[in-house]
Amino acid sequence: MTALLEELNSRQREAVLHRAGPLLILAGAGSGKTRVITRRVVWLIREGGVRPSEILAVTFTNKAAGEMRERIQEQLGSSSDAVWVSTFHSTGLSILREHGAAIGLPRSLVVYDDGDQLALLTRLMKDQGVDTTLLPPRAVRSRIDFAKSCGLGPDEMEVADHDLLGERARSVYRSYQAALRASGAVDFGDLLLETVSLLRRNEEVLELLERRLRYVMVDEFQDTSPVQYALVRLLTRKSGNLAVVGDDDQSIYGWRGADVRNILAFERDYPNAKVVRLEQNYRSTRVILDAAHAIIRRSPTRKEKRLFTDQSGGDLVRVLNAVDERDEAQLVARQIEAALSEGYSRGEMAVFYRVNAMSRVLEDALRERRIPYHVVRGRSFYERAEIKDITAYLRLAVNPHSDSDILRVINTPRRGIGTRTVERLRKAAAGSSGSIWSVLASPGSLKEVGPAAVRRLAAFREIIGKLHEMSTSSVSTKDIVREAMIGSGYVSSLEAEEAPEALERLENLHELLSVATERSSNGESLVQMLDDMALAGDADDDVEPEQVALMTLHAAKGLEFDVVFVIGMEERTFPHARAFAAGGWSEDEEALSEERRLCYVGFTRARRRLTLTSADSRWIMGERQVRSPSRFLEEIPSELIERSLRVSGSTAKRYGGRISSGPSWEGSPFPGEVPSNSDPDLVVVDYDFDQRPPDECGRRLRPGGRVRHRTFGDGKIHEVDGLGGNARLVICFDDAGIKKVLARYLEIL
DNA sequence: GGTAAGAGGCTTTTT
DNA sequence: GCCTCTTACC
């Protein structure tokens with residue numbers, strides 16, 4: 001009892017000790033939220049007479065679930081195994097696997113990931129004669145996903161008048177659901193939507209689950225969607241023992257249907273709920289919290305609150321400006337080296353960026369300097385083509401009616417079954433309103449298919465038939481996986497290639513086989529393995545102890561590091577261009593607010609040191625774009641910032657030594673002010689954004705400078721009018737003559 | 001029916 | 001810039 005409540009402040013203790021009924025914990029960043037949840041689970045079991053199997057703890061990501069499971073186990077030992085800790089999606093899948101028959105889902109259910117989903121949608125739309133350039137499948141998908149996240153099927157999906165996209169999306173939605181059912185498949189959204197409709201329609205199942213689960217806890221509640229909220233509400237309908245933990249300031253998944261308003265809804269739906277606020281931060285220094293608060297306080301819709309800490313002192317926030325993204329990466333690499341020499345360990349450092357694409361340049365710089373790093377990226381391994389191909393064979397072993405999977409591998413590796421034969425197969429399947437597999441099973445029904453093609457189809461049928469047989473008898477998972485790789489001819493076709501990337505693919509397949517072998521020895525079934533592959537991230541996705549972690553700001557949620565870098569602190573990089581209304585420069589307030597919260601999440605990951613970097617220009621989608629500093633930089637009070645300019649070796653080299661050649665280097669807003677410093681990157685000057693010269697944003701764009709344009713070639717700047725990427729420049733091109741060009745289309749030479 | 005080169009799209013963020 | 005899909009040709 002005593003140990004359980006040790007190291008808890010009075011608020012935290014209150015939350016842990018809450019016995020029954022609804023509980024809302026408003027937990028600020030770094031306020032010991034995970035500790036409270038895990039202690040509460042342990043307390044309920046040890047002191048509250050609750051059986052471990054009666055508790056469900058739902059989190060958002062696998063990472064969070066894994067961490068929570070571990071923390072609970074540390075305190076409870078093996079009895080913790082019975083506590084059900086999982087993500088929303090796996091929870092849904094478990095329920096569907098056990099009770100899905102009640103709504104007509106087959107036992108051999110397979111889960112389509114978003115790639116499978118998009119492929120299926122595209123195929124359906126093309127079949128329906130939809131012009132996919134006018135109506136992008138991605139746009140349709142996002143409408144369907146959004147409807148699903150609101151708990152709406154095709155018939156309930158709301159479409160406003162004159163919403164053409166919505167109209168079409170709804171009609172595709174209908175046929176898409178039909179296709180999923182015919183294939184015995186569900187997508188991610190269905191894992192929640194179908195579970196909720198199962199529980200709504202089937203009282204028996206709901207009562208069974210209600211009896212089994214007496215306590216439900218939800219982490220990251222601000223990121224739950226309406227359908228997720230509906231699910232946990234249903235599960236605790238009788239007991240009312242629903243505890244949710246969240247922070248409206250950290251809501252960063254609005255784009256995929258998460259609704260912060262669930263927090264408000266909770267207080268409305270459970271007027272007797274106990275509300276506990278955790279506002280003491282145990283993670284960061286005061287400086288970091290103040291900087292984070294400066295960003296988040298401008299968010300218009302938030303609940304007013306402010307974290308406090310007793311950790312004063314610490315480093316000021318470092319703000320570093322680079323010439324371009326490569327320069328920025330060098331800068332970060334050198335800062336990492338400096339921090340290492342100060343005694344920080346690599347495992348306690350992380351670099352965050354807005355989009356995954358930004359990791360590449362950074363990786364190059366770290367590799368060059370031999371700094372061990374690790375890119376934390378959701379599920380890259382399972383997204384590799386070769387892995388997805390073998391997965392398709394494995395899913396067919398379980399459920400050969402999955403048309404998407406048939407289409408994926410029917411000619412992979414090449415076995416001479418071309419598009420025409422495939423088209424005829426599909427037509428025959430549609431005609432008999434069955435799956436392609438059922439057509440293959442009765443080849444007599446195939447018209448217009450020549451004898452050679454029939455032979456090849458029979459060979460393919462053999463392959464899948466054998467796999468299916470193996471999966472229904474007691475063959476081990478490992479052996480089925482091996483058969484899928486070898487029996488399909490996949491491995492031998494790769495071996496024949498001899499290209500270096502074929503070798504890499506083979507290595508990845510080897511990796512998959514060892515995963516399967518390990519799972520086999522744990523007695524895991526093929527279905528279990530497939531479920532995990534569909535829902536789980538990479539196995540080696542964890543933050544490694546001796547490596548610098550690289551990840552998106554979204555992936556950073558829930559983590560903490562001593563030293564944090566946020567790169568790309570520029571307008572239209574972060575906040576991302578998407579936060580601005582299409583085309584124009586007007587702002588979408590809600591989207592911008594979400595960027596703000598994302599920034600807040602990023603800053604509050606740092607325990608000791610926060611370093612922010614920006615670049616004057618960035619290479620984006622094959623184009624060099626001029627960037628101006630992020631508004632977020634300007635919002636941080638200057639007394640919290642170590643404003644830094646620098647003269648870097650790489651910059652000097654690339655720009656012909658002009659920049660570092662003298663005290664009044666070109667581009668400095670402070671001519672004559674390049675103080676010497678032991679750290680070449682940190683030249684501290686008294687530099688305030690509010691006093692910067694008007695052309696600071698594009699300060700290297702000045703009359704006389706040389707620039708490059710994609711089509712016009714190189715030229716000399718004559719006139720500059722305006723700021724940043726939008727500045728209008730008159731350029732005298734060497735070949736193309738005098739033109740007016742926007743700065744963002746120019747590369748600075 | 002298969003291949004290679006060219007065109008076009010793409011990038012938020014994750015289960 | 002990179003990847004996927006289409007097109008033209010074998």
Within this structure, what is the CG-to-C1' distance between Leu96(A) and dT15(B), rounded to whole angstrom?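 Going from Leu96(A) (CG) to dT15(B) (C1'), I get 14 Å.
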Distances for protein N or O near nucleotides 6-10 of chain C N or O, under 3.5 Å:
| unit_1 | atom_1 | unit_2 | atom_2 | d |
| --- | --- | --- | --- | --- |
| dT6(C) | OP1 | Lys126(A) | NZ | 3.2 |

Among all residues two or more places apart in sequence or in another chain, which pass the ring pair (Phe, Tyr, Trp, His ring centres under 6.0 Å) test with [X]?
X: Phe352(A); value: none
X: Phe632(A); value: Phe574(A)
X: Phe60(A); value: Tyr253(A)

N/O (side chain, Asn411(A)) to phosphate O (OP1/OP2, dG1(B)) under 4.0 Å: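 No, Asn411(A) has no side-chain N/O under 4.0 Å of OP1/OP2 on dG1(B).
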Do the side-chain N or O atoms of Asn356(A) get closer than 4.0 angstrom to the phosphate oxygens (OP1, OP2) of dT13(B)?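 Yes.
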Which nucleotide sits closest to the side chain of [X]: [options]?
X: Thr421(A); options: dT14(B), dT3(B), dG1(B); result: dG1(B)
X: Ala357(A); options: dT11(B), dT14(B), dG2(B); result: dT11(B)
X: Val355(A); options: dG2(B), dT13(B), dT15(B); result: dT13(B)

Pairing residues for Thr421(A) by the side chain to side chain contact (heavy atoms under 4.5 Å, CB included) criterion, not counting sequence neighbours: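 With sequence neighbours excluded, Thr421(A) shows a side chain to side chain contact (heavy atoms under 4.5 Å, CB included) to Ile417(A), Val449(A), Ala453(A), Leu457(A), given in chain and number order.
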Ring-on-base stacking between Trp255(A) and dT13(B), under 5.5 Å between centres and under 30° between planes: is it there?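 A stacking contact exists, since Trp255(A) sits close and nearly parallel to the base ring of dT13(B).
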Close N/O contacts between protein and nucleotides 6-9 of chain B (under 3.5 Å):
none

Quantified in whole Å, what is the P atom distance between nucleotide dT13(B) and nucleotide dT4(C)?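 The answer is 16 Å between these two P atoms.
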